[in-house]
Structures are given as C-alpha cells and as structure tokens.
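Right, one structure below, let's go through it.
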Amino acid sequence: MAKMNLTNQRVVIIGGSTGIGLGTAKEAVSQGAQVVIAGRSLEKLEQAQSAINSDLLQILQVDNKDEDSLQSFFREVGHFDHLFTPGAAYVLGPITSEKEVAESCFQNKFWPQYYAAKYAVPYISKGGSIVLMSGAASQRPIVGAASYAACNGAIESLGKALAVELAPSIRVNVVSPGTIRTEKDRKEAYEAYEGMTLLERVGDVSEIAHSVIYLMTNSYTTGTTLFTDGGYVLQ
C-alpha cells in the first residue's frame, strides 16, 4: 500500500505565503515534506518563512500571471512531487460589468493555474499530483458574480481534463472551499456565510489544508473535486 503522508516528498505551492496556501505549507512541513512556497511579494514570503521556521521550507518569487515567469520558476525548482495552486486575487461583478471585471477571475485564477500546470508537468515525478483550487460558487452561484461562478466551474472541468490527459503518471484533483476564515478582515462575509451552510460556520484554513494533503497523498484519487464547504452546496 502506498504511504499516505508527505515524508521526504517535495511540494510546490504557488500562493503559499498567506491563507490556505500558507496553512497547507505548514501542514506539509509538519509531515516531513520539503516545501517550496512561491508568490509575487518577497515581503510576504519572508514573513511566511519566519512563521514556519523550518529548514524544510524554501521561498521563491514568481508572477503566476506571467508565462515566462512560470517557466523560469519551474526550471529553477527542478523535479518535485506535488503542486498546489491557490494563489489568486480577483474582483466580482454582475453580467453587466465592464470587461476588466468580467474577465478578472479567469485572468487571475483560471489561466494562472492552467499555465502553472502546463509548465510544471515536465518536472512532476511519476505518481505525483496536481491540486487546483476552485470555489463552491461553481455549484451554487451567488447573485452578481456570473463570471466568478463560470471560472470556478472551468477550473473543475480543467481538473477532470488534466486527470485524463496526464494519467496514469500524474493525478489531478481540485479542492473547492467555501468561505474560509483567514488573516483577512471579512467579518460581514463570515457572518453571512454561517447562515448558508449545513454546519452553520465558516471553515478553518487547517480544514482546507487537510483536504489538499489528502488529495496529494491518496494515490487512488484523481479527477475529483473535493467540496470542503461545510455543506454550502446543499443548503
């Protein structure tokens, strides 16, 4: 039976300096993985490095919206076992929104993950994995965010397509969180979300990290979207 932990595995997390990415990096390091966290802000990366405080952690800068930057990044990283791509910043708007708003989620969340996967594949070991990140709005859209719902749905479809294309060497899955309590001040959003879920609470970063680690380590799981949302899609 395959070992269900990350000991001596090498994990790359793009968007690993804050939030879900940082929480996943902490958990992976605690399991004995060598972890590379990457992002645009060197200051945030250095803060994350200080918070984790482990020789198993490496920080590197990358602009995940720039193909050349991604190519150079993976050349520098070299061979590794697992990729997680939570890094994204976008704005929401209704169908009447201007082009910049309408395309925001695709430009900042879909395409960065698409190209990260593209340029990572040559370096991922046989039996390794990719974990993409979507969001529960793919299955239960919110008012005034049509392109956001479509973007998250596209990421989940991308996960399935890549699972088929890269099998059997590399597994590909998607984690789809609901609203998660992070270092951001989002009191109103947190309170609103509590009434939208079966569990009547906001999720914790550690709960999403647990889901991501499961998708990395379960060697018989591929092409799956894991909804870690407290029952949001069923409420």
Side-chain angles (χ1 to χ4, degrees), residues 1-16 18-38 56 64 74 77 79-88 109-110 112-114 116-118 120-121 123-139 151-180 182 203-233:
M1 180 180 292
K3 185 167 60 175
M4 299 291 186
N5 62 57
L6 292 172
T7 304
N8 297 322
Q9 300 278 292
R10 195 160 187 236
V11 175
V12 174
I13 303 174
I14 297 179
T18 59
I20 291 170
L22 178 59
T24 303
K26 289 178 179 178
E27 179 59 28
V29 166
S30 76
Q31 292 194 14
Q34 299 174 36
V35 179
V36 179
I37 59 171
L56 293 173
N64 67 347
F74 284 112
V77 168
H79 293 285
F80 64 100
D81 301 291
H82 305 283
L83 172 67
F84 178 41
T85 55
K109 188 172 184 179
F110 177 84
Q113 295 192 82
Y114 180 98
K118 174 182 178 178
V121 165
Y123 300 99
I124 299 176
S125 62
K126 185 176 182 180
S129 74
I130 297 170
V131 181
L132 307 176
M133 191 166 87
S134 63
S138 65
Q139 304 301 310
C151 174
N152 285 297
I155 293 166
E156 291 165 17
S157 292
L158 175 63
K160 292 177 182 178
L162 290 179
V164 172
E165 184 171 332
L166 301 178
S169 296
I170 298 171
R171 295 177 298 103
V172 184
N173 295 287
V174 182
V175 64
S176 180
T179 296
I180 306 302
T182 67
D204 187 81
V205 164
S206 64
E207 292 169 314
I208 310 305
H210 181 273
S211 295
V212 174
I213 300 298
Y214 161 78
L215 293 173
M216 288 180 181
T217 57
N218 189 297
S219 57
Y220 203 56
T221 300
T222 194
T224 293
T225 296
L226 183 54
F227 294 96
T228 311
D229 61 8
Y232 171 83
V233 300

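Not measured: the values here are computed from a predicted model.
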When rounded to the nearest 0.5 Å, the distance separating CD1 of Ile14 from CD1 of Ile37 is 12.0 Å
Worked check of side chain to side chain contact (heavy atoms under 4.5 Å, CB included) between Leu215 and Val174:
CA-CA 8 Å; Leu215 293 173; Val174 182; over 6 Å; no
Grab the two heavy atoms, one from Leu6 and one from Ala28, that are nearest each other, plus how far apart they are.
CD1-CB, 3.9 Å
Can you find a heavy atom in the side chain of Val121 that is under 4.5 Å from one in the side chain of Leu166?
yes
Correct closest heavy-atom pair for Lys109 and Ser134 would be NZ-O, 2.9 Å
Measuring from atom CG of Leu158 to atom CD of Glu165, what distance do you get when rounded to the nearest 0.5 angstrom?
9.5 Å
Under the ring-ring contact (aromatic ring centres under 6.0 Å, His included) test, which residues partner Phe110, sequence neighbours left out?
Phe106
Search all heavy atoms of Asn152 against all heavy atoms of Ala137 and return the closest pair with its distance.
ND2-CB, 4.4 Å
Are a donor atom and an acceptor atom from the side chains of Glu27 and His210 found within less than 3.5 Å of each other?
no
Should the heavy atoms of other residues, nucleotides or ligands under 6.0 Å from OH of Tyr123 be counted, would the total exceed 12?
yes
Do Ile130 and Ile124 come within less than 4.5 Å of each other through their side chains, counting heavy atoms only?
yes
Within the structure provided, determine whether Val175 and Thr228 are in side-chain contact (heavy-atom separation under 4.5 Å).
yes
Look only at the side chain of Ser176 and the backbone of Ala136, and say whether a donor-acceptor pair between them is shorter than 3.5 Å.
yes
Are Gln9 and Gln31 linked by a side-chain donor-acceptor pair shorter than 3.5 Å?
no
At their closest point, which heavy atom of Val36 faces which heavy atom of Val77, and how far apart are they?
CG1-CG2, 4.4 Å
So do Val131 and Met216 actually touch side chain to side chain, heavy atoms under 4.5 Å?
yes
Report the residues that fulfil side chain to side chain donor-acceptor pair (under 3.5 Å) with Glu207, sequence neighbours left out, ordered by chain and then residue number.
Arg201
What are the two closest non-hydrogen atoms of Glu156 and Ser138, and how far apart are they?
OE2-OG, 2.6 Å
Phe80 vs Val11, side chain to side chain contact (heavy atoms under 4.5 Å, CB included): CA-CA, chis, key distance, verdict
CA-CA 6 Å; Phe80 64 100; Val11 175; over 6 Å; no
Can you see whether Tyr232 engages Thr179 through a side-chain donor-acceptor pair at a distance of less than 3.5 angstrom?
no
Sequence neighbours left out, what passes side chain to side chain donor-acceptor pair (under 3.5 Å) with Thr182? Give chain and number order.
none
CG on Leu162 to CD on Gln113, rounded to 0.5 Å
10.5 Å
Heavy-atom distance under 4.5 Å between the side chains of Asn173 and Leu132, does that happen here?
no
How about Met133 and Ile20: do any of their side-chain heavy atoms sit closer than 4.5 Å?
yes
Heavy-atom check, side chain of Arg171 versus side chain of His82, under 4.5 Å
yes
Answer yes or no: is there a side-chain heavy-atom contact under 4.5 Å between Ile208 and Thr24?
no
How close do Gly21 and Ile13 get, heavy atom to heavy atom, and via which atoms?
O-CD1, 3.8 Å
